[in-house]
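Okay, so here's the structure we're looking at.
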Number of protein chains: 2
Amino acid sequence: MADLARVAGVSAITVSRALRDSPLVNPETRARIREVARQYGYAFNASARNLRLRRSMTVAVVVEMKPTPERQMSGPYPLDLLGGITQQLTSAGYSVLLTSLAGETLPNVQAADGVILLGQGAHEDAMHSVQRWGRPLVVWGAVSRHQSQVVVGSDNFRGGALVAERFLALGRQRPVFLGDPAHGEFAERLEGFNSVLQSRGITALTPAIDNFTVSAGAAVVRQLLQTQPQTDALFAASDLLAIGAIRALIENHRRVPEDVTVVGYDDTPLGATYVPPLSSVHQNFTEAGVLLARKICDLIDGQSVQSATLPTHLVVRST
Amino acid sequence: MADLARVAGVSAITVSRALRDSPLVNPETRARIREVARQYGYAFNASARNLRLRRSMTVAVVVEMKPTPERQMSGPYPLDLLGGITQQLTSAGYSVLLTSLAGETLPNVQAADGVILLGQGAHEDAMHSVQRWGRPLVVWGAVSRHQSQVVVGSDNFRGGALVAERFLALGRQRPVFLGDPAHGEFAERLEGFNSVLQSRGITALTPAIDNFTVSAGAAVVRQLLQTQPQTDALFAASDLLAIGAIRALIENHRRVPEDVTVVGYDDTPLGATYVPPLSSVHQNFTEAGVLLARKICDLIDGQSVQSATLPTHLVVRST
DNA sequence: GTGAAAGCGCTAACAC
DNA sequence: GTGTTAGCGCTTTCAC
C-alpha cells in the first residue's frame with residue numbers, strides 16, 4: 001500500500017480507504033488508486049488486516065469425512081449443508097475453513113471467529129471436543145438435546161411422528177425402528193415415532209444397530225425376520241439403512257410395500273432413484289446450511305441467538 | 001506472549017520458541033512456559049504469525065456446490081476428494097479453505113498459499129478463472145488437456161477403453177456413449193472408448209446431452225430408442241446418467257443386461273445399491289485427494305511437480 | 001540457551 | 001477529503 005501510495009501521490013491510509021470503498025475518499029482519487037493497484041498487480045494482505053482487526057474473518061466447519069464407501073454421513077448430506085453454509089458465509093465476507101476432528105487442531109482453525117459443527121456425534125462427543133476451543137459455536141443436530149447450546153436441526157420428532165401416522169393409516173401393527181439412539185437426532189426420531197404409536201397402544205421394536213450402511217441394514221433385518229416374522233413396517237433412520245432393509249426383505253420373500261411398508265430418512269437421490277423408489281422423510285439441507293451460517297455470524301457479532309428447528313415432511317413414493 | 005514471558009520470567013522470543021518446540025530452548029524452560037500458557041488460557045494468534053512469515057498456511061479448494069437435488073458432482077465425489085485433501089493438508093500444517101466460484105473472491109481466499117481446483121468445468125472455464133489468481137495451482141480433471149498445468153486425474157482414457165473391451169467381449173455391436181465431451185474428463189473417456197471400438201470398425205453413437213442427472217439420462221435414452229432401437233450397449237459418463245438410462249430402457253421393455261449392457265462411471269454407492277446393481281468404472285477419490293494435497297504442498301515449497309494419472313478399474317456387477 | 005531490536009502490512013484514532 | 005502516528009502479535013537476525 002505504501003508503494004501504491006507513492007505512485008498515486010497519496011498516503012497509505014488513503015489507499016487503504018480507497019480499496020475498501022470508503023465513502024471518505026474522493027471518487028476520482030479512488031478510481032486512480034484502483035487503477036494503479038491493478039496495473040502493479042497489487043495483492044491485498046489478508047493476514048495483516050486480520051492481525052490489525054483482531055479477527056480472522058473465517059468460520060471453521062467441522063465435518064466427519066471418514067472415507068468409507070458406505071459412510072455414515074452419506075451422500076448429499078454434508079455437501080448440501082456445506083453448499084448453503086459457504087454461500088451464506090461468503091456473502092457475509094467470511095471464509096469457510098473445512099476441518100475434521102482427526103489430528104491436532106491447526107492454529108488457523110483455533111483462530112476462527114466461529115465454529116459450525118455438523119453432527120453432534122454419538123453421545124455428543126464431537127460437541128464436547130469443539131466446545132473446548134472456546135469459540136462461538138453453532139451445531140447442526142438434535143435441538144432438544146442442548147438447551148445451553150445454539151443448535152439448528154430439522155424437526156426429527158415430527159419426522160418420526162409423520163412416519164408413525166402413515167404406518168397407522170395403513171393399518172400396520174408391528175412397526176420396527178432402525179437406528180442408533182446414541183445419536184441425538186435418531187433418538188428424537190424414535191421419540192416422535194413412539195409418541196404417535198403409543199397413542200394406539202403400539203410400541204416399536206428397536207433392534208440394536210451400530211452402523212449406518214446398506215449392509216448393516218440388511219444384516220439387522222435378516223436377524224429380525226427370524227424372531228419377528230410378522231414385522232409389517234420398517235422406519236429406517238437413514239435411506240442407506242432402508243435400502244439394506246428392503247434388500248433383506250426381498251431375499252426373505254416379503255413384498256414391499258404390500259407385506260412390509262418401509263420409510264427412510266433424508267430423501268437422498270439414492271433413495272429416490274432406487275427401485276422401488278423409497279418413501280423418505282425430507283430435510284432441506286441447503287436451507288439449513290444458510291441458517292447455520294446466519295446464526296454463527298450473529299453470534300460473532302455479539303447478538304443473542306436462539307436454537308431453531310426446521311420443518312420436515314414425508315415424501316411418499318412406492319415403499 | 002509478552003505477558004507469558006513476564007510471568008515465566010523470560011523474554012517473549014523464548015516463549016515463541018518454547019511453544020514451537022524449538023530445540024534452542026531448555027526443556028525445563030519450555031515445560032514451565034507451556035504450563036504458564038495453559039494456566040492463563042493463552043491463545044496463539046495465527047494472523048500475526050502469518051503476517052510475519054508472509055504465508056497464510058491455507059490452501060483454497062474450489063468446489064462446485066450448486067445445490068440441486070440431482071447434481072452434477074453427485075454423491076461422494078467431492079466429499080471423498082475433500083476427505084483425502086483435508087487429511088493430507090492438515091497433517092502438513094495447512095488449513096483447507098472451502099470456496100466456490102460464485103460471488104467475489106474473498107481476501108482470505110486470495111491470500112491462500114495454493115489452490116486446488118476440483119473439476120476443470122465445461123470448456124475449462126473454471127480453470128481459467130482460478131488461474132487469474134496467480135497462485136500455485138493443482139487441478140483435478142483431465143490430464144491430457146493441459147500440459148502447462150499440474151493436473152491430477154484418473155485414467156479416463158483407460159476407463160473408457162475398459163468399457164469398450166467389455167462390450168466387445170459381450171459381442172455388442174451398437175454402443176452408445178452418454179456424456180458431454182465439453183468436459184475434458186468425459187472427452188477422455190469417450191476417446192478411450194472409441195479407440196478400442198474402432199479397432200473393430202465400430203463407432204459409438206454420442207447423442208447430445210448437457211445435463212448429468214437421472215432424468216436427463218432417461219430423457220436422452222427415450223429419444224435414442226426412437227431412432228436407434230437396436231442399441232445394445234450404453235456407456236454412461238456417470239452413475240446418475242446410467243441409472244436414468246436403465247429406467248428408460250425398462251420403460252421401453254428392454255432387459256438389462258440381456259438386451260442392453262449398461263456401464264456407469266464413478267462406482268458410487270448409489271449405483272452399487274441400485275437394482276440391478278450397476279456395473280461401473282471405479283475411481284479412488286480419497287487417494288486422489290491425498291495426491292492433490294501432496295502436489296500443492298510441493299508446488300508451494302517451490303519443487304517442480306508433474307501431472308499424474310491414477311489407475312482405474314471396471315467393477316462388473318449385474319448390468 | 002537466551003535476549004534486544006526490528007519489521008511483516010494493515011487500519012483505528014485523531015489531527016487538519 | 002486526506003495525512004500522521006501508533007500498534008496489532010509474532011519471528012528472523014544478530015548479539016551475548
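Just so it is clear, the model here is predicted, and its values are computed rather than measured. Just so we're on the same page: letters track the sequence lines, and every chain starts at 1.
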Exercise. Atom CE of Met57(B) to atom C1' of dC10(D): distance rounded to whole Å?
Worked result: 15 Å
Exercise. Please give, in whole Å, the distance from dC10(D) P to Asn45(B) CG?
Worked result: 5 Å
For this session: Using whole Å, report how far CD1 of Ile13(B) lies from P of dA6(C).
Result: 15 Å
Problem set entry | Atom pair distance, as rounded to whole Å: CG in Leu19(A) and P in dT11(C) | 8 Å
Exercise. Between Leu81(B) and Val61(B), is any pair of side-chain heavy atoms under 4.5 Å apart?
Worked result: no
Problem set entry | Arg32(B) bridged to Glu35(B) by N-O distance under 4.0 Å | no
Exercise. If each of Arg30(B) and Arg52(A) is mapped to the nucleotide of DNA chain C with the nearest heavy atom, which maps nearer the 5' terminus, i.e. the 5' end?
Worked result: Arg30(B)
Problem set entry | Nearest-angstrom distance from the residue atom CZ of Arg49(B) to P of dC10(C) | 19 Å
Problem set entry | Options dT2(C), dG9(C), dT12(D), nucleotide nearest the side-chain atoms of Arg20(B) | dT12(D)
Problem set entry | Nearest-Å distance for atom pair CG/P, residues Leu51(A) and dT11(D) | 12 Å
Exercise. Using a cut-off of less than 4.0 Å, is there contact between a side-chain N or O of Tyr42(B) and OP1 or OP2 of dC10(D)?
Worked result: yes
Exercise. Separation of Arg54(B) atom CZ from dC10(D) atom C1', in whole Å?
Worked result: 14 Å
Exercise. So what does Ser47(B) touch, heavy atoms closer than 4.0 Å: a base, only the sugar-phosphate, or nothing?
Worked result: nothing
Seminar exercise, completed: Rounded to whole Å, the CZ-P distance (Phe44(A) to dC8(C)) equals 16 Å
Exercise. More 5' along DNA chain C: Val25(B) or Ser16(A), using each one's nearest nucleotide?
Worked result: Val25(B)
Exercise. Should Met127(B) and Arg145(B) be marked as a side chain to side chain contact (heavy atoms under 4.5 Å, CB included) after you check the CA-CA gap, both sets of side-chain angles, and the distance that decides it?
Worked result: CA-CA 11 Å; Met127(B) 239 188 55; Arg145(B) 288 296 176 281; over 6 Å; no
For this session: Output yes when at least one side-chain N/O atom of Thr14(B) is less than 4.0 Å from OP1 or OP2 of dG3(C), else no.
Result: yes
For this session: Using a cut-off of strictly less than 4.0 Å, decide whether Ser11(B) has a side-chain nitrogen or oxygen near OP1 or OP2 of dT2(C).
Result: no
Problem set entry | Sugar-phosphate, base or nothing in reach of Arg17(B), heavy atoms under 4.0 Å | base
For this session: Describe, in one word, how the ring planes of His183(B) and Phe186(B) are oriented to each other, choosing from parallel (under 30°), tilted (30 to 60°) and perpendicular (over 60°).
Result: tilted
Problem set entry | Salt bridge present between Arg6(B) and Asp3(B) (N-O < 4.0 angstrom) | yes
Exercise. Between Thr29(B) and dT2(C), is there a side-chain N or O to OP1/OP2 distance below 4.0 Å?
Worked result: yes
